[in-house]
Asker: 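Here you go, one structure.
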Amino acid sequence: MADRQQRGNRGRGRARGFAGAGRGGQGQGQGHYQAEHAPVQQHRQEPSTSRPQQQRGGGGPAEAGAAGGRGAMRGNRFVPDVLRTRPVNSTVSKHGTKGKQILLQTNYFRVGRKDNESIFQYRVDFNPVVESSRLMSALVFNLKPVIGGYLFDGTQLFTRHRLRSDEVEYPTKDPISGQSYIIKLRKVGTIDGTTEMAFMIFNLINRRAMNGLKLTLIGRNYFDGQAKISIQQYGIDLYPGYVTSIRQHEQDVLMCAELTHRVMRTDTCYMMFKTCLNQGANWRDNYKRMVLGTVVMATYGKNNTYTINDVEFNTTPESSFETSNGKITFLQYYKERYNIIIRDPRQPMLVSRAKLRDVRAGKPELIYLIPELVRATGITDEMRRNFNLMRTLADYTRLTPDKRIQRLETFNQRLQSCEESADVFRFWQTELDRRLVEVPGRVLAEEEILFNANETNKVLAGPQADWQMAFRNNPMYMSVPLRNWFVVVSAGDQNLQDPQMIFCVVSNDKADRYAAIKKKTCVERAIPTQVIKARTITPKGGNVRTLMSVATKVAIQMNCKLGGIPWVLRNPLTSVMVIGFDVCHDTRDKSKSYGQKHPKFFSTVNHHSSGEELSNFMAQNVIKALHSYSNDFGGALPQRIIIYRDGVGEGQLKYVYEHEVGAIKEKLNMAYKDQAASKLTFFVVSKRIHTRLFHQKQNPIPGTIVDDIITLPERNDFFLVSQSVRQGTVSPTSYNILRDESGLNADQLQLYTFKQTHLYYNWSGSVGVPAVCQYAHKLAFLAGQYLHQAPHNMLEKKLYYL
């Protein structure tokens, strides 16, 4: 498709840096990793925190060393307070009534306890202090005949049996070294009911039960190595796995179970090193570019995963690190600990930086890894550009709803039938329902797409919410005459006055050339551009008719960039400004649309550095949008402001609620001081969720809404399926209303949100999020990936970034 956009997808900026396409906070990248180990001594003693000393070559000053086990951090896991944005006794219903009633299946199972028995929580301390998680687990296991069944999570122990006193001490020994230890258990609480700590225990119980299935823990999720799929022609293995979470929903405690996959490359990081070395020239730089940011999995021990942050070419397996028993080389350590012989003693070492929370817990900051012993996970950019490879992966990972349901039911059956797993559930008096949870849903009516103001040209969006073919017989709602424009086929340096548009035909999708075009036209000048590959507009097999679809999409894009409007919907609200916010890489973006008879647009991008407050930018840019609105509509301000905030992780909700929403409201109160108060509605939009919905073992159609059973009692939230997919299982979007002053009921808010998903002009169909969020992401991606600076302010009111 023209100008590097295909359908309504969110781009790939989401996988890196500070949130992209709606993912997580700063530092979150593809995959998760547990910052565990590299060398742990045979006697389970941790290495010291000095940098490995060089046996050959020079070395830097001592700073950090190979990390050991998880230490005490696992027991100090943060249990967040529930962010309640819906009053406990609220009389305002969060449930809508409009639409056709249907019954849906979900990927949830009910979880229950057979009695009201309490669980006792004890703090665990070791004397002398133990930092290795393996040694801690081994020592606590020695107590099982005395204390009975338990769950141990680093420094916390949970059991159904109350110990003989609130503080007890037990002597024990390391089964390998014979060293004596004293374990002190101190009662710190009794857990019952539906507290967040109780749900943490539910999840621990479930993970303990999953251990019985002989799955492999990679990162935070379990994968079935025995069921791996080898794709030898591309040198990768595909591991199927499961993502589970248990929490309180509206009436019941439910477990969400979703299927996932992990791509594992069969070559090690050492093979990648040798490839770069054989290429000569800048092999060090090439190797760094290849491995930095990559998530790797150790081929020994517990298959832990790490993110590579650096390569130290002066540190090798012959280097030594400090332990409590003296220095030892990496070569010696792996031979003694794992009976592994390192083949190349001079290969450079990979460095992974431990998470901040692990460093606070006393773990070394840097973790050293040997390239021979780690495999890269995920796929590279080059792999993504391989159409055949991606299609092969899709054949295995894009499961249709009926196959997904079958796999989920099989997973449940395995948990119930595996004796070891069943024993865990029986001991903890916990029961997992065998049936998928059914929920009531509603399907909203199809929207009418309007192609002119008097509504004589209109079509229904259709059951799949796709109206691309309607452009064969209908004009665009508002077209801008294109009289002054250029087609650029080859390089030229002519300095002419600014045209309305520049059309660039390029031979391939080379990123640096695309960036140069966009910087020249979006930063130095203010000229919309259309960039298209020559292959895209070349007739296939001499059939010119195949270009009709391409020509239609290009025409729509060009009209939008000039200020035109391809289509509109009936807007049930007047005097409203709709704001979409998203972040991508190191750039912050806000894209906004607002309208009366037809929409007008305003967009702005902000660069932010690490540690800067998001709320400051959001509030300031809302005021900028208000000024633009006022200028366009005769000095008036909108009665309602609706914000769709994308790119928020679960752990960020409290900050967004307390700071971003508060800062925006404070600025609005100042702006509206001489007028009626503004009515602010603030949505958090979450697209990358694990919830799935099924209707008669098929995908629900666009317009399907669920606002009960699987929603959360402390939130004003709902799920919406707003788009159709041709392959696999459709993913609903979660909408969480943090603040609502609109005076609209649940039906009105849900319908208005559904309408917004029809207004993304880069795709003649509905998309998965409100159009303003899609525009926000598109602009943030352009600025963060190619411009690296703010675009020209003369472009603020055009959709130049499509």
Side-chain angles (χ1 to χ4, degrees), residues 83-87 92 571 573-583 587-596 599-609 611-648 652-685 716 736-744 748-749 752-753 756 770 772-773 775-776 779-780 790-791 793-797:
L83 174 62
R84 179 170 292 278
T85 56
R86 184 170 185 264
V92 179
N571 189 349
L573 303 179
T574 59
S575 186
V576 59
M577 182 170 73
V578 187
I579 299 175
F581 184 90
D582 199 0
V583 288
T587 303
R588 181 183 336 252
D589 155 74
K590 198 173 299 163
S591 177
K592 312 167 183 65
S593 76
Y594 39 79
Q596 302 274 5
K600 294 181 181 290
F601 294 90
F602 171 82
S603 61
T604 183
V605 177
N606 297 112
H607 173 82
H608 68 89
S609 302
E612 290 184 281
E613 298 293 348
L614 296 177
S615 56
N616 296 334
F617 290 99
M618 286 197 69
Q620 292 167 8
N621 286 329
V622 168
I623 299 304
K624 289 175 66 176
L626 279 178
H627 290 159
S628 179
Y629 185 103
S630 179
N631 292 336
D632 283 341
F633 295 106
L637 294 178
Q639 295 176 7
R640 291 185 177 92
I641 299 174
I642 300 177
I643 298 178
Y644 291 99
R645 170 70 157 97
D646 207 343
V648 179
Q652 295 175 299
L653 275 178
K654 188 173 183 180
Y655 173 84
V656 171
Y657 179 71
E658 293 179 350
H659 297 280
E660 290 186 5
V661 179
I664 291 171
K665 189 60 182 176
E666 182 180 352
K667 292 286 187 181
L668 289 177
N669 289 339
M670 295 173 61
Y672 280 74
K673 58 183 177 181
D674 297 327
Q675 301 186 32
S678 64
K679 298 178 180 179
L680 174 65
T681 302
F682 194 104
F683 285 83
V684 166
V685 182
N716 185 6
N736 179 16
I737 307 176
L738 297 192
R739 184 168 186 150
D740 181 25
E741 302 169 342
S742 66
L744 305 175
Q748 291 171 309
L749 288 171
Y752 193 77
T753 298
Q756 283 294 312
V772 286
C773 288
Y775 290 135
L779 176 55
N793 59 10
M794 294 294 290
L795 294 172
E796 285 182 341
K797 296 189 177 183

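Heavy-atom basis, side chains included; hydrogens, waters and symmetry copies ignored. Owing to the predicted nature of the structure, the values given are computational and were not obtained by experimental measurement.
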Asker: Return the CG to CD distance between Leu83 and Glu658, rounded to the nearest 0.5 Å.
Answerer: 7.5 Å
Asker: First locate atom CZ of Phe682, then atom CE of Met618, and finally report the distance between them rounded to the nearest 0.5 Å.
Answerer: 4.5 Å
Asker: So, does Lys665 use its side chain to make a donor-acceptor pair with the main chain of Ser678 at under 3.5 Å?
Answerer: yes
Asker: Angle between ring planes, Tyr644 versus Phe683, binned at 30° and 60°: parallel, tilted or perpendicular?
Answerer: parallel
Asker: Show your reasoning for whether side chain to side chain contact (heavy atoms under 4.5 Å, CB included) applies to Val578 and Tyr752.
Answerer: CA-CA 11 Å; Val578 187; Tyr752 193 77; 3.3 Å; yes
Asker: Please report the interatomic distance CZ(Arg739) to CG(Asn716), rounded to the nearest 0.5 Å.
Answerer: 14.0 Å
Asker: Indicate the atoms forming the closest heavy-atom contact of Pro638 with Tyr672, along with that distance.
Answerer: O-OH, 2.6 Å
Asker: Should Phe601 and Ser628 be marked as a side chain to side chain contact (heavy atoms under 4.5 Å, CB included) after you check the CA-CA gap, both sets of side-chain angles, and the distance that decides it?
Answerer: CA-CA 9 Å; Phe601 294 90; Ser628 179; over 6 Å; no
Asker: Leu653 versus Val648: any side-chain heavy-atom pair under 4.5 Å?
Answerer: yes
Asker: Could you state the interatomic distance from NE2 (His627) to CG (Leu637), rounded to the nearest 0.5 Å?
Answerer: 8.0 Å
Asker: Where is the tightest heavy-atom contact between Tyr657 and Val661, given as atom of each residue plus distance?
Answerer: O-CB, 3.6 Å
Asker: Between CD of Gln652 and CD of Glu660, what distance do you get to the nearest 0.5 Å?
Answerer: 8.0 Å
Asker: List the atom of Arg640, the atom of Leu744, and the distance in Å for their closest heavy-atom pair.
Answerer: NH2-CD2, 3.7 Å
Asker: Applying side chain to side chain contact (heavy atoms under 4.5 Å, CB included) between Thr681 and each of Asp740, Ile641, Leu738, Ile643, report the one that passes.
Answerer: Asp740
Asker: List the atom of Ala776, the atom of Gly580, and the distance in Å for their closest heavy-atom pair.
Answerer: CB-O, 3.7 Å
Asker: Kindly determine whether Leu573 and Ile642 satisfy side chain to side chain contact (heavy atoms under 4.5 Å, CB included), including the steps that lead there.
Answerer: CA-CA 11 Å; Leu573 303 179; Ile642 300 177; 4.2 Å; yes
Asker: If you compare all heavy atoms of Gly743 against all heavy atoms of Gln748, which two are closest, and at what distance to 0.1 Å?
Answerer: O-OE1, 4.5 Å
Asker: For Glu666, does the CD atom have more than 12 heavy-atom neighbours from other residues, nucleotides or ligands under 6.0 Å away?
Answerer: no
Asker: Specify the closest pair of heavy atoms between Ile623 and Ala671, including all atoms of both residues, with the distance to one decimal.
Answerer: CD1-CB, 4.1 Å
Asker: Is it the case that the side chain of Ser630 and the backbone of Leu626 share a donor-acceptor pair, with hydrogens and angles ignored and the cut-off at 3.5 Å?
Answerer: no
Asker: What's the spacing between Asp646 CG and Phe581 CZ if we round to 0.5 Å?
Answerer: 10.0 Å
